[in-house]
Amino acid sequence: MTKLKIAAAQIGGIQKDESREAVVARMLALMDEAHAQGVQFIAYPEMTLTTFFPRFYVEDRAEFDHWFETEMPNAATAPLFARAKAHGMGFTFGYCELTPEGLHYNTAILVSPEGEIRLTYRKTHLPGHAEYEPERSHQHLEKRYFLPGDTGFNVTKMQGVNMGLAICNDRRWPETWRVLGLQSVQLVAIGYNTPSQNNLSKDEGPARRIYHHELSMCAGAYQNSTWAIAVAKCGTEDGNHMIGGSVIVDPDGYVVARATGEGDELIVAEADFDRCAFGASTVFDFAAHRRIEHYGRITAQTGASQPE
Ligand code: ING
């Protein structure tokens with residue numbers, strides 16, 4: 001019987017001029033609150049340490065290198081590692097990574113209760129665009145500031161649970177979930193920063209954004225018999241609004257916990273990971289039911305072809 005008390009630590013807006021130390025203090029407050037409730041694993045959002053700066057255009061990308069971490073842990077985040085170790089808590093959070101080779105990634109790490117970085121994941125699916133596009137109501141320049149990740153989707157056994165990571169837009173792609181599912185994942189943690197307005201369509205506002213966010217999370221969890229945590233950085237950052245809606249989803253695709261606000265907020269659930277086994281051994285028994293001889297297009301094609 002493997003059970004863990006798991007939590008999503010939703011983070012409200014981080015303003016451009018807010019220091020990493022101030023953000024880490026907010027993260028520590030949620031970690032302490034989680035510990036008081038017996039939480040054993042806590043997930044923080046994508047790019048937890050800084051404002052969502054890909055909304056801003058800058059000609060010389062090097063001007064934005066100050067949003068990136070060149071080592072991890074570092075002075076600003078060491079208190080987080082120390083507190084988690086003191087609490088015996090596993091955790092994950094996202095940050096912007098600048099490697100010694102000068103490569104920029106949108107990264108998330110999985111850290112064991114002993115303080116060991118067990119997974120480094122670099123965001124695969126970068127939404128938006130790389131150049132300034134005036135026709136958009138706001139910019140979304142992740143393709144300008146980050147490289148597509150080079151890690152792929154991996155699973156590691158931590159605290160007795162097969163855990164995997166993804167980041168934000170990744171949750172919208174079934175490939176993300178299935179590659180993790182094919183590694184027997186039991187808990188997928190996904191941080192996100194999702195603008196509440198589509199920058200090319202006035203028809204797509206917060207309600208539809210929340211719907212598609214939950215649809216993606218519930219379908220992914222159900223179709224791969226896994227628990228899932230989606231944790232937002234949300235609310236307003238320098239006048240720009242992002243949806244909240246952090247959720248914890250069970251292996252049947254049901255939301256078992258949901259954030260109610262758009263600020264710093266902890267949501268908690270008791271996860272019984274033995275519940276993954278039923279789906280994985282019946283309707284989603286991959287070995288018994290999948291027919292890979294018919295799936296070739298998924299890795300042979302990037303874009304869609306047209307019928308004759
Ligand atoms: N944000 C958004 C996300 O995928 C987005 C961007 C929203 C793309 C809605 C497509 C549709 O949640 C990030 N950071 O990926």
Side-chain angles (χ1 to χ4, degrees), residues 8 10-14 16 43-57 64 67-68 92-97 104-108 121-133 135-149 151 153 165-177 180 188-221 228-238 240-247 249 255 258-259 262 303-304:
Q10 178 176 285
I11 297 285
I14 299 175
K16 265 191 304 191
Y44 293 96
E46 169 191 33
M47 291 174 61
T48 313
L49 301 177
T50 65
T51 196
F52 188 73
F53 66 83
R55 63 169 65 93
F56 303 117
Y57 175 81
F64 274 3
W67 294 120
F68 289 76
T92 177
F93 73 94
Y95 64 92
C96 299
E97 178 191 10
H104 299 72
Y105 295 105
N106 184 341
T107 296
Y121 171 69
R122 293 166 172 165
K123 185 175 182 179
T124 304
H125 300 96
L126 298 171
H129 46 105
E131 300 305 328
Y132 186 84
E133 296 185 1
E135 69 276 16
R136 294 176 184 267
S137 59
H138 60 272
Q139 303 301 301
H140 194 113
L141 292 157
E142 291 189 59
K143 292 182 190 293
R144 185 175 188 78
Y145 302 121
F146 305 119
L147 285 172
T151 61
F153 306 101
L165 300 177
I167 299 176
C168 202
N169 196 258
D170 289 327
R171 72 193 186 286
R172 302 178 191 278
W173 300 93
E175 294 88 344
T176 300
W177 294 92
L180 291 168
V188 181
I190 304 180
Y192 62 97
N193 289 241
T194 299
S196 51
Q197 181 63 44
N198 184 316
N199 59 23
L200 289 172
S201 163
K202 285 190 296 295
D203 298 341
E204 183 176 339
R208 192 176 299 183
R209 286 262 151 133
I210 284 281
Y211 173 71
H212 288 156
H213 151 66
E214 279 205 18
L215 179 66
S216 301
M217 291 304 300
C218 295
I229 300 173
V231 54
K233 168 121 82 49
C234 53
T236 301
E237 295 190 334
D238 300 292
N240 300 275
H241 186 263
M242 297 189 291
I243 61 167
S246 301
V247 287
V249 183
V255 172
R258 184 186 281 109
E262 294 186 342

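Each ligand, and each atom within it, is numbered from 1 in the order the structure gives. This structure is a prediction, so every number in the text was calculated from the model and none was measured.
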Of all the heavy atoms in M47, does at least one lie under 4.0 Å from an atom in ligand 1? no
Filtering R172, E46, Q197 for the heavy atom nearest atom 3 (C) of ligand 1 leaves R172
Determine whether the side chains of E175 and H125 contain a donor N or O and an acceptor N or O closer than 3.5 Å. no
Donor-acceptor pair, distance only, cut-off 3.5 Å: does the side chain of E237 make one with the backbone of F52? yes
Any idea which atoms of ligand 1 are less than 4.0 Å away from a heavy-atom of C168? 1 (N), 2 (C), 3 (C), 4 (O), 12 (O), 13 (C), 14 (N), 15 (O)
Using a 4.0 Å cut-off to any heavy atom of E142, which atoms of ligand 1 qualify? 13 (C), 14 (N), 15 (O)
Test item, H125 contacting ligand 1 (heavy atom, 4.0 angstrom): no
Looking only at distances, can you tell me whether any N or O atom of E204, backbone or side chain, sits closer than 3.5 Å to an N or O atom of ligand 1? no
Nearest candidate to atom 1 (N) of ligand 1, where distance is taken over non-hydrogen atoms, out of N193, T194, N198: N193
With a 6.0 Å cut-off (strictly less than), is the heavy-atom count around OH of Y211, excluding the residue itself, greater than 12? no
Does one side chain, of H140 or E142, offer a donor that lies under 3.5 Å from an acceptor on the other? yes
Which option wins on minimum heavy-atom distance to atom 5 (C) of ligand 1: I167, N169, N106? N169
With a 4.0 Å cut-off on heavy atoms, does H213 reach ligand 1? no
Under 3.5 Å, is there a donor-acceptor pair between the R171 and T194 side chains? yes
Of all residues at least two apart in sequence or in a different chain, which pass the ring-ring contact (aromatic ring centres under 6.0 Å, His included) check with F68? F53, H104, F146
Nearest heavy-atom neighbours spanning A228 and M217: CB-CE, 3.7 Å
Give me the nearest non-hydrogen protein atom to atom 6 (C) of ligand 1 as residue plus atom name, then the distance to 0.1 Å. H140 CE1, 3.7 Å
Measuring from the heavy atoms of K123, does anything fall under 4.0 Å of ligand 1? yes
Closest heavy-atom contact between A221 and V249? CB-CG1, 3.7 Å
